[in-house]
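On a predicted model such as this, the values are computed, not experimentally measured, just so you know.
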Amino acid sequence: EVAPTRKAALLALRRREYSAVIVEDWLAESDPEGAELIWKHSALAVPLQVNFAISSIARLARDVRAALTRRSQEHELALRAAAGTLESELRSTVSGLVLHSHLALAEPSLSPQLAGHLKMIAELADALRRFLERPRGLAAGDS
């Protein structure tokens, strides 16, 4: 989609999301505030500033593909890092639950009713620990 003016570009960016937003180099240089507004309203679109006078369609397509591929790889790395952090936090918390529930069950003055509840907590925590320790198969997109 081509926007002939900054106002038209901003309206288009409000109407829908884009994978990439390309701004002509001379426009960005002659109207830096306008270009900044476009970048600001581009949401998660890859911002590209291109000199159309020296860029062929093939080069532009190659640059857009490369930028979108890079964005996709960054997204995948961020997801893996977040999943790793979450799994680590869960493992730590579950280990604490398992340890403390087993210690509580070893208390000699524990009432039978409370012992039943603590045993259930210990079993659930053990099941969650075993689940977290299972090797994971490759999900879609994993390599």
Side-chain angles (χ1 to χ4, degrees), residues 1-107 110-111 113-143:
E1 182 174 342
V2 176
T5 65
R6 174 177 40 148
K7 184 177 180 180
L10 292 171
L11 285 172
L13 289 169
R14 285 189 196 112
R15 280 195 309 267
R16 60 181 266 213
E17 289 190 27
Y18 294 87
S19 297
V21 173
I22 303 166
V23 174
E24 164 60 58
D25 197 37
W26 73 264
L27 178 67
E29 298 300 326
S30 65
D31 183 12
E33 293 86 17
E36 190 61 37
L37 269 175
I38 291 171
W39 299 140
K40 187 182 222 178
H41 288 87
S42 295
L44 294 176
V46 173
L48 292 167
Q49 186 171 318
V50 176
N51 185 336
F52 287 120
I54 62 172
S55 294
S56 67
I57 294 295
R59 178 179 176 180
L60 178 61
R62 190 173 49 249
D63 288 349
V64 169
R65 272 194 303 275
L68 292 175
T69 299
R70 188 171 49 252
R71 172 67 58 90
S72 177
Q73 290 168 343
E74 290 170 353
H75 179 73
E76 181 65 31
L77 286 173
L79 284 177
R80 286 182 187 189
T85 299
L86 180 60
E87 188 170 343
S88 176
E89 290 291 326
L90 279 172
R91 284 177 191 249
S92 175
T93 301
V94 168
S95 292
L97 279 170
V98 169
L99 174 66
H100 288 285
S101 61
H102 285 288
L103 287 172
L105 281 169
E107 285 292 321
L110 194 61
S111 73
Q113 185 178 11
L114 188 54
H117 292 301
L118 282 173
K119 187 175 180 190
M120 179 56 74
I121 290 170
E123 289 171 1
L124 290 170
D126 276 330
L128 186 52
R129 179 186 48 79
R130 284 190 303 276
F131 174 80
L132 290 172
E133 288 175 351
R134 279 192 342 216
R136 306 282 186 269
L138 291 179
D142 285 352
S143 48

Atom pair [atom1] ([X]) and [atom2] ([Y]), whose distance is rounded to the nearest 0.5 Å:
X: Glu1; Y: Leu13; atom1: CD; atom2: CG; answer: 8.5 Å
X: Leu48; Y: Asp25; atom1: CG; atom2: CG; answer: 11.5 Å
X: Glu133; Y: Leu128; atom1: CD; atom2: CG; answer: 10.0 Å
X: Leu118; Y: Ser111; atom1: CG; atom2: OG; answer: 8.5 Å
X: Leu114; Y: Leu105; atom1: CG; atom2: CG; answer: 8.5 Å
X: Arg6; Y: Asp31; atom1: CZ; atom2: CG; answer: 4.5 Å

Do [X] and [Y] touch side chain to side chain, with heavy atoms closer than 4.5 Å?
X: Leu97; Y: Arg129; result: no
X: Pro47; Y: Val23; result: no
X: His117; Y: Met120; result: no
X: Asn51; Y: Glu24; result: yes

Practice problem: Determine, stepwise, if the pair Arg71 / Leu44 fulfils side-chain contact (heavy atoms from CB on, under 4.5 Å). | Solution: CA-CA 10 Å; Arg71 172 67 58 90; Leu44 294 176; 4.3 Å; yes

Exercise. Report the C-alpha separation of Val50 and Arg59 in whole Å, then their side-chain angles, then the decisive distance to 0.1 Å, and conclude whether the side-chain contact (heavy atoms from CB on, under 4.5 Å) test is met.
Key: CA-CA 10 Å; Val50 176; Arg59 178 179 176 180; over 6 Å; no

Without swapping roles, check the side chain of [X] against the backbone of [Y] for a donor-acceptor pair under 3.5 Å.
X: Ser72; Y: Leu68; result: no
X: Ser88; Y: Gly84; result: no
X: Ser101; Y: Val98; result: yes

Quiz item: How about Leu86: does its CG atom have over 12 heavy atoms from other parts shown lying under 6.0 Å from it?
Solution: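 Counting other residues, nucleotides and ligands, CG of Leu86 exceeds 12 neighbours.
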
Shortest non-hydrogen contact from [X] to [Y]?
X: Val21; Y: Trp39; answer: O-CZ3, 3.5 Å
X: Val94; Y: Ala125; answer: CG1-O, 3.4 Å
X: Pro4; Y: Val2; answer: CD-O, 3.8 Å
X: Ala8; Y: Ala3; answer: C-CB, 3.9 Å

Practice problem: Kindly determine whether Lys40 and Glu36 satisfy salt bridge (charged side-chain N to carboxylate O under 4.0 Å, His left out), including the steps that lead there. | Solution: CA-CA 6 Å; Lys40 187 182 222 178; Glu36 190 61 37; over 6 Å; no

Quiz item: Got a salt bridge between Arg91 and Glu87, using NZ or NE/NH1/NH2 to carboxylate O under 4.0 Å?
Solution: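 Judged by the 4.0 Å cut-off on N to carboxylate O distance, Arg91 and Glu87 do form a salt bridge.
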
Practice problem: For the pair Ile38 and Leu10, evaluate side-chain contact (heavy atoms from CB on, under 4.5 Å) and give the outcome as yes or no after the intermediate values. | Solution: CA-CA 6 Å; Ile38 291 171; Leu10 292 171; 4.2 Å; yes

